Peer 1: 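After the structure tokens below, expect a handful of questions from me.
Not measured: the values here are computed from a predicted model. The chain is numbered in sequence order, starting from 1.
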Amino acid sequence: MRGNGRIRGFFVGIALAGLANIHPATVPPEEKALAQPAPLPKPDIYVETYVTGYNTVPGQTDYTPCIAASGANICGRRDAIACPPLLPLGAIVEIKGKKYVCEDRLARKYRARFDINCDKDKRCPFEVTGWTMVKLVLH
């Protein structure tokens, strides 16, 4: 039962991220002379979810381990991450103070987690795996 609440929380966080991207209607030029309040900063959105790590090798990916779902070459990079399908490719997330770019997708059965690209470092997947807070960086 505990896992279902986390998954629900994950999806609620994604929905809030989508709502944060809604922009108000533009103001006609003649009304711009009036004093306007400063725009409110977008809220930080955190999601508690399970994070894993993977290596760019055929046994853990597919037959083209260096090519991500976005088409980017992720070999040699440590800032790429596989994200759930609710986040667009190119989205930025922050995990434990480090920023990652959503360049890849997870297998359908793991759609509620994040998977950090550890390139060829075989120790990394074990070091990053576990429940943690993921910050969705909104532009």
Side-chain angles (χ1 to χ4, degrees):
M1 195 68 170
R2 177 181 166 118
N4 289 338
R6 288 185 173 161
I7 291 172
R8 249 190 329 270
F10 172 78
F11 288 116
V12 167
I14 297 298
L16 289 173
L19 289 174
N21 283 327
I22 296 174
H23 301 289
T26 57
V27 178
E30 61 274 359
E31 293 181 24
K32 284 187 179 181
L34 299 174
Q36 304 247 343
L40 295 174
K42 293 188 179 180
D44 291 338
I45 297 176
Y46 291 87
V47 178
E48 183 179 10
T49 188
Y50 198 69
V51 175
T52 55
Y54 72 100
N55 300 112
T56 50
V57 294
Q60 294 183 33
T61 59
D62 60 11
Y63 63 94
T64 57
C66 289
I67 306 302
S70 67
N73 184 340
I74 59 171
C75 279
R77 289 179 54 188
R78 297 291 295 266
D79 69 335
I81 191 166
C83 295
L86 292 173
L87 285 177
L89 292 174
I92 298 172
V93 297
E94 187 176 316
I95 301 172
K96 297 181 182 175
K98 184 169 181 194
K99 291 187 179 181
Y100 297 93
V101 180
C102 292
E103 297 280 12
D104 214 351
R105 292 287 179 224
L106 290 132
R108 189 171 291 219
K109 63 184 175 180
Y110 301 120
R111 59 186 322 143
R113 67 170 67 168
F114 290 83
D115 203 11
I116 297 173
N117 172 28
C118 294
D119 197 32
K120 305 291 188 243
D121 182 358
K122 300 288 185 185
R123 294 170 299 169
C124 172
F126 301 104
E127 294 169 358
V128 300
T129 298
W131 285 97
T132 191
M133 297 301 288
V134 176
K135 177 182 177 183
L136 306 178
V137 180
L138 303 174
H139 300 277

Peer 1: Hydrophobic clusters join Ile, Leu, Val, Met, Phe, Trp and Tyr when side-chain heavy atoms are under 4.5 Å apart, directly or via other members; which others share one with Tyr63?
Peer 2: none

Peer 1: Taking only residues two or more places apart in sequence or in another chain, which ones pass side-chain hydrogen bond (donor to acceptor under 3.5 Å, both in side chains) with Gln60?
Peer 2: Asn55

Peer 1: Establish whether Val101 and Ile45 are linked, either directly or via other cluster members, by ILVMFWY side-chain heavy-atom contacts under 4.5 Å.
Peer 2: no

Peer 1: Tell me which pairs pass salt bridge (Lys or Arg N to Asp or Glu O under 4.0 Å) where either residue lies in residues 119-136, with sequence neighbours left out.
Peer 2: Asp44-Lys135, Arg78-Asp121, Asp121-Arg123

Peer 1: At their closest point, which heavy atom of Ala112 faces which heavy atom of Thr49, and how far apart are they?
Peer 2: O-OG1, 2.7 Å

Peer 1: Kindly write out the residues that satisfy side chain to side chain contact (heavy atoms under 4.5 Å, CB included) with Ser70, not counting sequence neighbours, or none if the list is empty.
Peer 2: Ala68, Ala72, Leu89, Glu103

Peer 1: Go through the structure and list residues passing side chain to side chain contact (heavy atoms under 4.5 Å, CB included) with Lys96, not counting sequence neighbours.
Peer 2: Thr132

Peer 1: What's the shortest heavy-atom distance between Pro84 and Phe114, and which atoms?
Peer 2: CD-CE2, 3.5 Å

Peer 1: Taking the side chain as every heavy atom from C-beta outward, state whether Cys83 and Arg105 have any pair of such atoms under 4.5 Å apart.
Peer 2: yes

Peer 1: Identify, with sequence neighbours excluded, every residue that meets side-chain hydrogen bond (donor to acceptor under 3.5 Å, both in side chains) alongside Asp115.
Peer 2: Thr52

Peer 1: So if you build clusters from Ile, Leu, Val, Met, Phe, Trp, Tyr with side-chain heavy-atom gaps below 4.5 Å, do Val93 and Ile74 land together?
Peer 2: no

Peer 1: State which residues pass side-chain hydrogen bond (donor to acceptor under 3.5 Å, both in side chains) with Tyr54; sequence neighbours excluded, sorted by chain then number.
Peer 2: Asp104

Peer 1: Can you list the residues that meet the side chain to side chain contact (heavy atoms under 4.5 Å, CB included) rule with Arg108, with sequence neighbours excluded?
Peer 2: Arg111

Peer 1: Residues in side-chain hydrogen bond (donor to acceptor under 3.5 Å, both in side chains) with Asp79, at least two apart?
Peer 2: Arg77

Peer 1: Nearest 0.5 angstrom please: Ile92 CD1 to Leu87 CG, how far?
Peer 2: 11.5 Å

Peer 1: My understanding is that a hydrophobic cluster links ILVMFWY residues whose side chain heavy atoms are under 4.5 Å apart, including indirect links. Using that, what else belongs to the cluster containing Ile67?
Peer 2: none

Peer 1: If I compare all heavy atoms of Cys118 with all of Gly53, which pair ends up nearest, and what's the gap?
Peer 2: SG-CA, 4.1 Å

Peer 1: Which other residues belong to the hydrophobic cluster containing Leu106, where Ile, Leu, Val, Met, Phe, Trp and Tyr are joined when side-chain heavy atoms lie under 4.5 Å apart, directly or via other members?
Peer 2: Tyr110

Peer 1: With sequence neighbours left out, write down each residue that passes side chain to side chain contact (heavy atoms under 4.5 Å, CB included) with Phe126, or none if nothing qualifies.
Peer 2: none

Peer 1: In sequence, state the C-alpha distance, the side-chain angles, and the governing distance for Ile81 and Ile95, and then conclude on side-chain contact (heavy atoms from CB on, under 4.5 Å).
Peer 2: CA-CA 10 Å; Ile81 191 166; Ile95 301 172; 3.6 Å; yes

